[in-house]
Engineer: 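Next up is a structure, given as structure tokens.
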Number of protein chains: 2
Amino acid sequence: MTTHLPHPHHPDVPEEINGLRMTRQRQEVYRFLLGERSHPTANEVFMRIKEALPHVSLATVYNCLEALVQHNAIRKVNFDREPSRYCPNLAEHGHFHDETTGTIHDVKFKPGISLADVLDLPPNTVIKDVEITLRGQLT
Amino acid sequence: MTTHLPHPHHPDVPEEINGLRMTRQRQEVYRFLLGERSHPTANEVFMRIKEALPHVSLATVYNCLEALVQHNAIRKVNFDREPSRYCPNLAEHGHFHDETTGTIHDVKFKPGISLADVLDLPPNTVIKDVEITLRGQLT
DNA sequence: AATTTAAATTAGAATAGTTCTTGATCCAAT
DNA sequence: ATTGGATCAAGAACTATTCTAATTTAAATT
Ligand SMILES: [Mn+2]
Ligand SMILES: [Mn+2]
Ligand SMILES: [Zn+2]
Ligand SMILES: [Zn+2]
């Protein structure tokens, strides 16, 4: 193993996000996700940032993704038991899985809609997180 | 390996469900799920029906569960990447995960509510399946 | 600037839920 | 009774993810 030169920071990603120090690896992961709307998997992130960081490991990609999720910089989304995917859209939204193409699309809530209006929730329920997944076809 | 005596069918489960022949193993899996509201995992089903079928294998439980799901007799529900759980409630409903107790509760939709009323769906979208998951606390 | 301390990264092993493979067994139809 | 297809059982294989341990990097302290 060779020694590494210090990694310059990328200009368009801040040095810190929500108290998380942005190392070079975290920057590459975060920057790639910001420009992606495809909800890539950890492995897809890994293959992509290897172009900029040939020595990066998959474990580090998992570490970076987890750190970014923990600091609310990105979101982790799951479809059934498929590999987890990662989403840079921090607004509350759902996910539509187009079965024809395999693509995933963000779906916004209509303005002014609250879940309590739609769901028959038990009393004294405090909702911390909501997940809405749709499967179907774009005709 | 010893030879097995023929297994009698259980009186309260039909011989066939939606075209799926109900073997003794499928009957035990199905009958246990019908009486459960806890959304058990495959392993929990396995441990429970072993009491009635000591020779049953975990692979068979997975096979039975998959067959029942495929024939719309039960539903498979996933929470993040936790082990899959199985639900006998065929009505359209969501799942509330109580973080305090770890229990899962079915959540009905309010009558007369359509998803198109709530979500800003792209045009020409045909929804085949919806999944709503809530996480929070029952205070 | 050198030293110390802590955080982050890496490579590979380990984990765990699920699926697959293969041979045995069951069952319906001939 | 025999055949053929479905089902089952046991264990191996698979795979996304997590863990471990050693190294490297960065921050903090002297
Ligand atoms: Mn992946
Ligand atoms: Mn299980
Ligand atoms: Zn998204
Ligand atoms: Zn349910």
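Proteins come first, then strands; the chains are lettered A, B, ... in the order of their sequence lines, and each starts at number 1.
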Engineer: Taking only side-chain N and O atoms of A:Ser84, does any of them lie within less than 4.0 angstrom of OP1 or OP2 on D:dA16?
Structural biologist: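 No, because none of the side-chain N or O atoms of A:Ser84 sits under 4.0 Å from OP1 or OP2 of D:dA16.
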Engineer: Between D:dT18 atom P and B:Glu82 atom CD, what is the distance in whole Å?
Structural biologist: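 These atoms are roughly 12 Å apart.
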Engineer: Do A:Gln137 and A:Thr139 have a side chain donor and acceptor closer than 3.5 Å?
Structural biologist: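 The answer is no; no qualifying pair exists.
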Engineer: Can you figure out which of D:dT17, D:dC8, C:dT18 approaches the side chain of B:Leu58 most closely?
Structural biologist: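 When the side chain of B:Leu58 is considered, C:dT18 is the closest of D:dT17, D:dC8, C:dT18.
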Engineer: Are any of B:Thr23's side-chain N or O atoms less than 4.0 Å away from OP1 or OP2 of D:dC8?
Structural biologist: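 Yes, B:Thr23 has a side-chain N/O under 4.0 Å of OP1/OP2 on D:dC8.
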Engineer: Return the minimal non-hydrogen interatomic distance between B:Asp80 and A:Asn78, and the atom names on each side.
Structural biologist: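 Taking every non-hydrogen atom into account, CA-ND2, 3.5 Å.
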Engineer: With a cut-off of less than 4.0 Å, is there a side-chain N or O of B:Gln25 near OP1 or OP2 of C:dC26?
Structural biologist: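 No, no such contact exists.
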Engineer: Base, sugar-phosphate alone, or nothing: which one does A:Asn63 contact when heavy atoms must sit under 4.0 Å apart?
Structural biologist: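 Base contact.
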Engineer: Separation of B:Glu28 atom CD from D:dT7 atom P, in whole Å?
Structural biologist: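 About 17 Å, once rounded to whole Å.
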Engineer: What integer distance in Å separates B:Asp80:CG from D:dA16:P?
Structural biologist: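 To the nearest whole Å, that distance equals 17 Å.
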Engineer: Kindly indicate whether the side chain of B:Val29, heavy atoms from C-beta on, has any atom under 4.5 Å from the side chain of B:Tyr86.
Structural biologist: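 No - every pair of side-chain heavy atoms lies 4.5 Å or more apart.
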Engineer: When you measure from the side chain of B:Pro83, which nucleotide among C:dA11, C:dT9, C:dG17 comes out closest?
Structural biologist: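 So the side chain of B:Pro83 is nearest to C:dG17.
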Engineer: Report the nucleotide, chosen from D:dT18, C:dT10, D:dC8, that has the shortest atom-to-atom distance to any side-chain atom of A:Val56.
Structural biologist: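 Of all the options, the side chain of A:Val56 is nearest to C:dT10.
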Engineer: Roughly how many Å is it from CZ in A:Phe46 to C1' in C:dT10, rounded to a whole number?
Structural biologist: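 To the nearest whole Å, that distance equals 10 Å.
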Engineer: Whole Å only: how far is the CZ atom of A:Arg21 from the C1' atom of C:dT5?
Structural biologist: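 Atom-to-atom, A:Arg21 to C:dT5, this comes out as 13 Å.
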Engineer: Between A:His93 and A:His95, does a ring-ring contact (aromatic ring centres under 6.0 Å, His included) hold up when you go through it step by step?
Structural biologist: CA-CA 7 Å; A:His93 68 285; A:His95 290 105; 4.6 Å; yes
Engineer: Report the distance from atom CE of B:Met22 to atom P of D:dA6, rounded to the nearest whole Å.
Structural biologist: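 These atoms are roughly 18 Å apart.
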Engineer: Identify which nucleotide among C:dT18, D:dT18, D:dA10 has an atom closest to any side-chain atom of A:Tyr62, counting heavy atoms from C-beta outward.
Structural biologist: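 Looking only at side-chain atoms, A:Tyr62 lies closest to D:dT18.
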Engineer: Round to a whole Å and report the spacing from CD of A:Gln70 to P of C:dA8.
Structural biologist: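 Answer to the nearest Å: 13 Å.
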Engineer: Which nucleotide in the set D:dT7, C:dG17, C:dA11 lies at the smallest distance from any side-chain heavy atom of A:Arg81?
Structural biologist: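 The closest nucleotide is C:dG17.
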Engineer: Which residue, B:Ala59 or A:Asn78, contacts DNA chain D at a nucleotide closer to its 5' end, judged by nearest heavy atom?
Structural biologist: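 Result of the comparison: B:Ala59.
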Engineer: Where do B:Ile113 and A:Asp117 come nearest, in terms of heavy atoms and distance?
Structural biologist: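 The answer is CD1-O, 4.0 Å.
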Engineer: Are OP1 or OP2 of D:dA10 and a side-chain N or O of B:Ser57 less than 4.0 angstrom apart?
Structural biologist: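 Answer is no, no contact under 4.0 Å.
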Engineer: In whole angstrom, what separates A:Leu65's CG from D:dA16's P?
Structural biologist: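 Result: 15 Å.
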